[in-house]
Amino acid sequence: MMKNYRLALLPGDGIGKEVIPAAVEVLKATRKGFAVSFEPFDWGCEYYLRHGRMMPEDGIETLRPFDAILLGAIGHPAVPDHISLRDLLLRIRFEFDLYVNLRPVEMLPGLEMTLRAKRPQDVNMLFVRENTEGEYAGVGGRFKRGTPDEVAIQESVFTRKGVERVVRYAFQQAQRRPRKRLASATKSNAMQYAMVMWDEAVRGVAAEFPDVSVSSYHVDALAARMITHPESLDVVVGSNLFADILTDLGSALQGSLGLAASANLNPTERRGPPVFEPVHGSAPDIAGRGIANPIAAIWAAAMLLEHLGEAAAAARMMSALRAVIADAKVRTPDLGGKNSTQEFASAVVKQLRA
Ligand code: NAD
Ligand code: IPM
Ligand code: MN
């Protein structure tokens, strides 16, 4: 019997509603030998403005049985970001315990190098971002609010189990790559509890992977190294906030925020479906104009196929995407071109059918 995958679509807000249809169009053209059904959900900030919440009360339970989720972006100027993101995106990551946020930072041949002194092969990193705790734990509070004596406390929460599991996954990824190198983003020179434990966990897990060479870099120096010596970096593991920042920097190395894709995974147990999404946000500055770059969303959809076990389809999708990029005729404005989101998606579909 032919496999049928059930995908939940959460385009969300702003350009999420433009790049997800583009990725779905490409996904549909890639299907061969298996079926995919799509169920769209209109949850997000407009839903919030109508209903006073980001998703229905049983939203998490509604999503749980799906095979995967393809998400655009959340965020709208009329809704505070700390409400919209925490009640939808972060909630899904936390409730489904998607503790790995996997973010490739790679050059697609044909794109101009941001770093003119470097070659495309010099930028090939895989970020493994901790995705369920750390600086995003949401523990804290405000005291004497609105007075000159106001106090705000935002605690980071690092657990031995939480650090070890993401670090172990990063070592496994490094072991599968030709260079077998892992860099850990730390800040143990200033953060004497959490980051010293982080470093200890890295050293402990390293013993299980004698064939992987591991280096710890303070996160500030690591940011500089990404620019000065990107070729020295292979797999990089970092906390929720550190790797959030470093991966937007990574997208700038690739050439645009519109290129960076990500997968939110739980590689060891299933508490819910994995989530695939571009790294970028809802980009209110360009939303509604049909000019957002859909490459990140298409790449995320290819990661989704790969994760479902449809490696051949994922490879077909990526090679069509690569061919259109290498051809250099169709480019959205963030890459210096004049084409629309839709024109780019159509070019990839045409390439798939060629
Ligand atoms: P952003 O990523 O939305 O935009 C930053 C800049 O990059 C903007 O100038 C934007 O036009 C450009 N850009 C981003 N994606 C692009 C694309 N695909 N094509 C062309 N240009 C692109 O970040 P921001 O401005 O800090 O955030 C805007 C909103 O998105 C906020 O509400 C924020 O909280 C939210 N956000 C959501 C997610 C998510 O849902 N995963 C991620 C990041 C930010
Ligand atoms: C990302 C985003 C989110 C994050 C925000 C919007 C909460 O920036 O996916 O990188 O920080 O995780
Ligand atoms: Mn981010």
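Computation of the quantities below employed the complete heavy-atom set of this structure, encompassing side-chain atoms and omitting hydrogens, waters and symmetry-equivalent molecules. Numbering of residues begins at 1 and proceeds along the displayed sequence. Counting starts at 1 for both ligands and their atoms, following the listed order.
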Take [atom] and look for protein heavy atoms under 4.0 Å from it; say yes if you find one, no if not.
atom: atom 7 (O) of ligand 1; result: yes
atom: atom 26 (O) of ligand 1; result: no
atom: atom 33 (C) of ligand 1; result: yes
atom: atom 1 (P) of ligand 1; result: yes

Q. Are more than 12 heavy atoms from other residues, nucleotides or ligands located less than 6.0 Å from atom CZ of F143?
A.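 It does not: F143 CZ has 12 such atoms or fewer within range.
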
Q: For atom CZ of R176, decide whether the heavy atoms of other residues, nucleotides or ligands shown that lie under 6.0 angstrom number more than 12.
A: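 No, not enclosed.
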
Between [X] and ligand 1, does any nitrogen or oxygen pair lie at a separation below 3.5 Å?
X: I74; result: yes
X: D81; result: yes
X: A283; result: yes

Q: Fit a plane to each ring of F171 and F209, take the angle between them on a 0 to 90° scale, and name the class: parallel (under 30°), tilted (30 to 60°) or perpendicular (over 60°).
A: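 Rings of F171 and F209: parallel, under 30°.
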
For [atom], find the nearest protein heavy atom and state the residue, atom name and distance (0.1 Å precision).
atom: atom 41 (N) of ligand 1; value: E277 OE1, 3.3 Å
atom: atom 29 (C) of ligand 1; value: S282 OG, 3.2 Å
atom: atom 9 (O) of ligand 1; value: D285 OD2, 2.7 Å

Under 4.0 Å from ligand 1, counting heavy atoms only, is it the side chain of [X], its backbone, both or neither?
X: L89; value: side chain
X: N293; value: both
X: I291; value: neither
X: V19; value: neither
X: P77; value: neither

Closer than 4.0 Å to some heavy atom of [X] - which atoms of ligand 2 meet that?
X: R103; result: 1 (C), 9 (O), 10 (O)
X: R129; result: 1 (C), 4 (C), 9 (O), 10 (O), 11 (O), 12 (O)
X: R93; result: 1 (C), 4 (C), 9 (O), 12 (O)

Q.
Ignoring hydrogens and geometry beyond distance, is a side-chain donor-acceptor pair present between R316 and T30 at under 3.5 Å?
A.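 There is no such pair (donor and acceptor under 3.5 Å, judged by atom type) between the side chains of R316 and T30.
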
Q) Between the side chains of N293 and S256, is a donor N or O closer than 3.5 angstrom to an acceptor N or O? A)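 No, no side-chain donor-acceptor contact under 3.5 Å.
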
Any salt bridge between [X] and [Y], counting N to O under 4.0 Å?
X: E135; Y: R129; answer: no
X: E61; Y: R64; answer: yes
X: D234; Y: R181; answer: no

Please check this pair: side chain of [X] against backbone of [Y], looking for a donor-acceptor N/O pair closer than 3.5 Å.
X: D122; Y: R119; answer: yes
X: N266; Y: D97; answer: yes
X: D67; Y: R6; answer: yes
X: E150; Y: G146; answer: yes

Q. Is the closest N or O pair between Y136 and ligand 2 shorter than 3.5 Å?
A.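 Yes; at least one N/O pair falls below 3.5 Å.
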
Numbering the atoms of ligand 1 from 1, which are under 4.0 Å from a heavy atom of [X]?
X: P284; value: 28 (C)
X: A292; value: 19 (N)
X: I15; value: 15 (N), 16 (C), 17 (C), 18 (N)
X: L85; value: 34 (O), 40 (O)
X: G75; value: 32 (O)
X: G281; value: 1 (P), 2 (O), 3 (O), 30 (O), 36 (N), 37 (C), 38 (C), 42 (C), 43 (C), 44 (C)

Q.
Would a single hydrophobic cluster contain both M113 and I295, if residues Ile, Leu, Val, Met, Phe, Trp and Tyr are joined by side-chain heavy-atom contacts under 4.5 Å?
A.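 Yes, same cluster.
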
Q: Identify whether V219 and V167 are in the same connected component of the hydrophobic contact network (ILVMFWY, side-chain heavy atoms under 4.5 Å).
A: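 Yes, V219 connects to V167 through the hydrophobic network.
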
Q | Check: H76 ring centre within less than 6.0 Å of Y48 ring centre | A |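 Aromatic pair excluded; centres sit 6.0 Å or further apart.
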
Q.
Below 4.0 Å from ligand 1: does a non-hydrogen atom of V279 turn up there or not?
A.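 In this structure, V279 qualifies as a contact of ligand 1 - some heavy atom is under 4.0 Å.
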
Q) Got a second to check how far R103's CZ is from N131's CG, nearest 0.5 Å? A)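 It is 7.5 Å, given to the nearest 0.5 Å.
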
**Q.** For atom 10 (O) of ligand 2, the option (of N240, D244, L241) bearing the nearest heavy atom
**A.**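 Looking at heavy atoms only, the winner is D244.
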
Q) Any N/O/S of D244 under 2.8 Å from the Mn ion (ligand 3)? A)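 It does: D244 brings an N, O or S atom closer than 2.8 Å to the Mn ion (ligand 3).
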
